[in-house]
Amino acid sequence: MKENTQSILTTGNRFLMDMPTAWFMILSLIIVGAGFLGKLPTSMVGGFALFMSLGYLIRFVYWKVPLIKNTLGLASIGLTCAIIKHFGLWPENIVETMTNFIQGDTDFLSWFIAALITGSILGMNRELLIKAGIRYFVPITGGLVFAYLLGGLVGQAFGMSFKDTIFYIAGPIMGGGTGAGAVPMSEMYSEAMGLATDVTFAKIYPSVTIGNWLAIFGAIFLNILGKKAPRLTGNGALMQGYSVDESKASYHYNMTMNDLGTGLMLTMTFFILGRVLNGVCPIVHAYAWTIISVAVCKISGILPQRMEYSAVKWYDFAQGTFTVPLSAGIGIAMLNLQAMLDILSPGFVIIATAVVLGAIIGAGLIGMLVKFYFVESAVTAGLCMANAGGNGDVMVLSSCDRMNLMSFAQISSRIGGALVLVVQSVLLGILL
């Protein structure tokens with residue numbers, strides 16, 4: 001008995017950041033208790049403390065249940081937090097703190113995505129980046145075509161015209177989320193159809209919501225599929241012929257604390273540069289400009305190797321430390337369970353499912369033609385087109401344990417989403 005007590009007080013637990021279990025519980029009790037007492041700072045201090053305690057605590061519990069661990073995976077954390085919020089069990093102080101931290105003035109989500117984009121691209125094998133980058137739009141196109149066709153056919157079976165299915169379900173699902181997809185799409189529809197923007201937005205927003213949820217569950221399914229059929233997956237490697245390790249650039253440095261500081265500064269600079277270039281050319285999303293800027297630096301080799309290495313180490317730190325808690329943060333701040341429940345008519349759900357299934361099949365099969373693995377191609381070029389953009393990319397990739405593919409996911413959400421807007425504008429001229 002004495003040995004067990006000593007163990008939980010002094011022995012690190014690998015599911016709790018190698019912190020002794022008892023000490024983690026004590027710290028979490030203080031943090032979460034402060035939230036219930038209304039004393040949690042609604043700043044970065046409260047945000048960091050809260051999402052780390054909740055994320056790791058929920059994972060600690062769920063990872064003791066193999067069925068949940070091996071099926072829902074990290075998605076279980078976000079879903080649990082969303083369900084608790086749906087039933088009003090989170091106090092206002094916790095919801096306010098997490099919302100401000102994730103997507104408010106603190107905007108941790110952008111900070112995290114910037115770290116993943118910069119580090120994953122700079123840490124990629126240069127030859128692979130060139131090969132995969134050139135071919136990547138092939139499975140994106142395949143996923144888009146299959147999503148429209150399968151969604152349109154199933155829509156007709158439920159009495160919805162092919163045109164309406166494309167405009168109000170398939171297009172919004174594949175369009176890159178709300179801000180970069182549904183909002184400009186509703187403005188296009190408004191102008192072309194002579195309707196108020198709020199009317200057209202109300203028609204397409206439910207599709208964005210259900211598409212995001214279906215993409216998360218699709219990622220869970222593909223992760224299971226990869227385990228059952230190993231030949232279909234690279235276990236995180238996108239391109240056939242490259243393992244995950246071979247996909248990475250190799251460095252021969254010993255990390256110092258200065259490397260983390262350099263990596264943080266470089267990451268934030270690329271993020272800011274994306275915003276600057278977006279101001280010059282608004283038609284290209286700021287994240288897309290960040291991706292392009294990082295890719296140009298990687299391919300040209302203009303950055304010193306040590307700076308590349310620093311960005312990769314910062315990416316490793318951010319991914320390794322914050323992926324689990326961010327699932328909890330997104331669940332509280334951004335996953336609206338009521339919005340999904342409000343639109344759950346059988347026909348609508350089946351049509352939306354057909355769209356997402358078409359994205360999976362098209363991106364996966366067409367991806368295989370250009371030497372991509374089915375699972376990784378379906379996840380990035382298919383599901384990351386169908387989810388709700390930035391937070392959707394995080395939830396999809398974390399649900400299938402492939403966060404290293406964030407750069408490709410963002411290409412789908414941002415550049416792929418812009419492609420959908422172009423397609424929809426052309427179809428408006430043809431079908432109306």
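Everything numeric here is computed off the predicted structure, so don't read it as measured data. Heavy-atom basis, side chains included; hydrogens, waters and symmetry copies ignored.
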- prompt: If only atom types and distance count, is the side chain of T200 paired as donor or acceptor with the main-chain N or O of S186 below 3.5 Å?
  reply: yes
- request: Please name the pair of heavy atoms, one in T118 and one in A311, separated by the smallest distance, quoted to 0.1 Å.
  value: CG2-CB, 4.2 Å
- request: Check the side chains of Y136 and S412 for a donor-acceptor pair under 3.5 angstrom, ignoring hydrogens and angles.
  value: yes
I84 and I332: CA distance, side-chain angles, deciding distance, side chain to side chain contact (heavy atoms under 4.5 Å, CB included) verdict: CA-CA 8 Å; I84 293 173; I332 295 174; over 6 Å; no
field: Sub-4.5 Å side-chain heavy-atom contact between V420 and M385
entry: yes
query: From I330 CD1 over to S398 OG, what is the distance, rounded to the nearest 0.5 angstrom?
result: 7.0 Å
field: Polar contact flag, side-chain donor to acceptor under 3.5 angstrom, T233-R402
entry: yes
Trace of the side chain to side chain contact (heavy atoms under 4.5 Å, CB included) decision for D259 with Y253: CA-CA 10 Å; D259 288 318; Y253 301 108; 5.6 Å; no
field: Separation between CG of L27 and CG of L29, rounded to the nearest 0.5 Å
entry: 9.5 Å
message: Between Y251 and Q305, is there a side-chain donor-acceptor contact under 3.5 Å, judged purely by atom types and distance?
response: no
- prompt: Can you check whether G279's main-chain N or O pairs, donor with acceptor, with W289's side chain at less than 3.5 Å?
  reply: no
- prompt: Considering only heavy atoms from C-beta outward, does the side chain of L303 approach that of K298 to under 4.5 Å?
  reply: no
- request: May I have the step-by-step check of side chain to side chain contact (heavy atoms under 4.5 Å, CB included) for T290 and L273, ending in yes or no?
  value: CA-CA 7 Å; T290 297; L273 179 60; over 6 Å; no
- prompt: If you take all heavy atoms of I366 and G142, which pair is closest and at what distance?
  reply: CG1-CA, 3.8 Å
message: Rounded to the nearest 0.5 Å, what separates atom OH in Y62 from atom OG1 in T80?
response: 2.5 Å
- prompt: To the nearest 0.5 Å, what is the distance between CG (L144) and CD1 (I140)?
  reply: 9.0 Å
query: Which atom pair, heavy atoms only, marks the closest approach of S399 to N223?
result: O-ND2, 4.2 Å
- request: Decide yes or no for L397 and C384: does some side-chain heavy atom of the first lie under 4.5 Å from some side-chain heavy atom of the second?
  value: yes
task: Provide the closest heavy-atom pair for Y315 versus N404 in the form atom of the first, atom of the second, distance.
output: OH-CA, 3.1 Å
task: Check M185, M188, M193 against F167 for a side-chain contact (heavy atoms from CB on, under 4.5 Å) and give me the one that passes.
output: M193
query: W314 vs W111 aromatic rings, parallel, tilted or perpendicular, using cut-offs 30° and 60°?
result: perpendicular
- request: Report, as yes or no, whether the 6.0 Å neighbourhood of atom CG on D18 holds more than 12 heavy atoms from other residues, nucleotides or ligands.
  value: yes
query: Looking at F317, is K313 sitting on its ring face, NZ or CZ under 6.0 Å from the six-membered ring centre and within 45 degrees of the normal?
result: no
- prompt: Can you tell me if CZ on R275 sees more than 12 non-hydrogen neighbours from other groups inside 6.0 Å?
  reply: no
- request: Looking only at non-hydrogen atoms, find the nearest pair between G35 and P91 and report the distance.
  value: O-CG, 3.6 Å
message: Taking A215's backbone N and O only, do any of them form a donor-acceptor pair with N387's side chain (distance below 3.5 Å, no angle check)?
response: no
field: Check: V423 and Y148 side chains under 4.5 Å, non-hydrogen atoms
entry: yes
message: Using a 6.0 Å cut-off, check whether atom CG of N278 has over 12 heavy atoms from anything other than its own residue.
response: yes
message: When you measure from the side chain of S53 to the backbone of L50, do you find a donor-acceptor pair of N or O atoms at a distance under 3.5 Å?
response: yes
message: Just so I know, are the side chains of L116 and D393 near enough to count as touching, which here means a heavy-atom distance under 4.5 Å?
response: no
field: Stepwise side chain to side chain donor-acceptor pair (under 3.5 Å) test for Q424 and Y189
entry: CA-CA 9 Å; Q424 293 300 95; Y189 289 3; 2.7 Å; yes
message: Would the distance check show the side chain of S327 and the main-chain N or O of G78 forming a donor-acceptor pair, the cut-off being under 3.5 Å?
response: no
field: pair F60-T21: side-chain heavy atoms closer than 4.5 Å
entry: yes
task: Side-chain contact test, heavy atoms from C-beta onward, threshold under 4.5 Å: evaluate it for M17 versus M52 and give yes or no.
output: yes
- prompt: Just by distance, do the side chain of T99 and the backbone of E96 share a donor-acceptor pair under 3.5 Å?
  reply: no
field: Exercise: identify the closest heavy-atom pair between P325 and F51
entry: CB-O, 2.9 Å
field: Min side-chain heavy-atom separation F374-P139 under 4.5 Å
entry: no
query: Are T262 and R306 close enough, and set up right, to give a side chain to side chain contact (heavy atoms under 4.5 Å, CB included), and what steps lead you there?
result: CA-CA 9 Å; T262 301; R306 186 76 189 219; over 6 Å; no
message: Nearest 0.5 angstrom please: I117 CD1 to I291 CD1, how far?
response: 4.5 Å
task: Starting at OH of Y168, measure out to CD1 of I173 and round the result to the nearest 0.5 Å.
output: 15.0 Å
message: Does M44, at its CE atom, have more than 12 non-hydrogen atoms belonging to other residues, nucleotides or ligands within less than 6.0 Å?
response: no
query: With F322, which of Y56, F101, F112, F48 fulfils ring pair (Phe, Tyr, Trp, His ring centres under 6.0 Å)?
result: F48
